[in-house]
Amino acid sequence: MLKNNSHFDEDFLREISSSPLPPDINKPYFVLVIPPSPQIPTPGREFFLKTPMEGVSYIATTLENAGYRVEIMDYRMGPKDLEEVLRSDRVVLGIAALLDSYVFLEDFVKRIREKNKDIPIILGGSFVSSAPQVIMETLAVDYAVLGEGELTI
């Protein structure tokens, strides 16, 4: 159990980084979602839309090191099937919220809530950090993570 003490949190992160905990099927299963991007990248910078997303990778690593099972669903690579995930017990959705993904977020969260109203949904990312009130007032999510999410998660 983490205390509300940043030194303890940092010590815990340091400890699990060097000695990760084994996966624990009794802990929630995290599905981290990367939304598609409608951007047309500057020529020569297409790799930004095809390479791993740093923040999501950090969150996934932190969760895995703490013994959670994690899957990353990257919608930049095409549509995904969430049906099986939504039927799983103890699933938590974490979604990267970027400014250019608002339309996707609005539709995606609505579809999730129609299929499973009880699934916890966490949003993080630059859009959430810059406009948390807008996000929480317009999307049916449970949590918004401001700033870097490794300590929060």
Q: Is E83 salt-bridged to K115, cutoff N-O under 4.0 Å?
A: yes

Q: Are the side chains of L93 and V33 in contact, using a 4.5 Å heavy-atom criterion?
A: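 In short, these two side chains touch, coming nearer than 4.5 Å.
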
Q: Side-chain heavy atoms nearer than 4.5 Å, only ILVMFWY residues, links allowed to pass through others: does that put I122 and Y58 together?
A: no

Q: Looking at R14 and D11, does any basic side-chain N land under 4.0 Å from a carboxylate oxygen?
A: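 So R14 pairs with D11 through a salt bridge.
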
Q: Do L21 and I25 belong to the same hydrophobic cluster, where Ile, Leu, Val, Met, Phe, Trp and Tyr are linked whenever their side-chain heavy atoms lie under 4.5 Å apart, directly or via other members?
A: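 No, L21 and I25 fall in different hydrophobic clusters.
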
Q: Determine yes or no for a side-chain-to-main-chain donor-acceptor pair under 3.5 angstrom, with S129 supplying the side chain and S126 the backbone.
A: no

Q: Taking only residues two or more places apart in sequence or in another chain, which ones pass ring pair (Phe, Tyr, Trp, His ring centres under 6.0 Å) with F108?
A: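 Partners of F108 under the ring pair (Phe, Tyr, Trp, His ring centres under 6.0 Å) test: Y75, F104.
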
Q: Determine, stepwise, if the pair D142 / R113 fulfils salt bridge (charged side-chain N to carboxylate O under 4.0 Å, His left out).
A: CA-CA 11 Å; D142 300 295; R113 289 294 182 223; 2.8 Å; yes

Q: Could you give the distance from CD1 (I112) to NZ (K117), rounded to the nearest 0.5 Å?
A: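 So the CD1 of I112 and the NZ of K117 are separated by 14.5 Å.
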
Q: I'd like to know if D100 and R76 make a salt bridge, using a cut-off of under 4.0 Å between side-chain N and carboxylate O.
A: no

Q: Are side-chain heavy atoms of L105 and L139 found at a separation under 4.5 Å?
A: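 Touching, per the 4.5 Å side-chain cut-off.
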
Q: Going by atom types alone, do E71 and Y29 pair a side-chain donor with an acceptor below 3.5 Å?
A: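 Yes, Y29 and E71 have a side-chain donor paired with an acceptor closer than 3.5 Å.
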
Q: For F30 and I153: C-alpha separation, side-chain torsions, deciding distance, then whether side-chain contact (heavy atoms from CB on, under 4.5 Å) applies.
A: CA-CA 11 Å; F30 277 82; I153 202 67; 3.9 Å; yes

Q: How many angstroms lie between CZ in R69 and CG in N26, if you round to the nearest 0.5 Å?
A: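 So the CZ of R69 and the CG of N26 are separated by 8.5 Å.
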
Q: Find the distance between CG (D74) and CG (L32) and round it off to the nearest 0.5 Å.
A: 11.0 Å

Q: In this structure, are over 12 heavy atoms from other groups packed under 6.0 Å from E114 atom CD?
A: yes

Q: What distance do D118 atom CG and N116 atom CG have between them, rounded to the nearest 0.5 Å?
A: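 Here the interatomic distance stands at 6.0 Å.
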
Q: Are V134 and L98 connected, step by step, through hydrophobic side chains (Ile, Leu, Val, Met, Phe, Trp, Tyr) whose heavy atoms are closer than 4.5 Å?
A: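 No, separate clusters.
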
Q: Is a side-chain donor or acceptor of K27 paired with a backbone partner of R90 at a separation under 3.5 angstrom?
A: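 Between the backbone of R90 and the side chain of K27 there is no qualifying donor-acceptor contact (under 3.5 Å).
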
Q: What distance do E148 atom CD and I59 atom CD1 have between them, rounded to the nearest 0.5 Å?
A: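 Reported value, rounded in 0.5 Å steps: 8.0 Å.
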
Q: Are V91 and V31 side-chain neighbours, meaning at least one heavy-atom pair lies under 4.5 Å?
A: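 Of all side-chain heavy-atom pairs linking V31 with V91, at least one is under 4.5 Å.
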
Q: Looking only at heavy atoms, which two atoms of A96 and V56 are closest? And how far apart?
A: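 In this case the closest contact between A96 and V56 is CB-CG2, 4.0 Å.
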
Q: Does one hydrophobic cluster hold both L146 and I135, with members joined at side-chain heavy-atom distances below 4.5 Å?
A: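 Cluster IDs for L146 and I135 match.
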
Q: Would you say the side-chain atoms of S101 pair up with the backbone N or O of A97, donor to acceptor, closer than 3.5 Å?
A: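 Checking the backbone N and O of A97 against the side chain of S101, no donor-acceptor pair under 3.5 Å is found.
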
Q: How long is the gap from NZ on K80 to CD1 on I72, to the nearest 0.5 Å?
A: 11.5 Å

Q: With distance as the sole criterion, is a donor-acceptor pair present between the side chains of Y102 and T138 under 3.5 Å?
A: yes

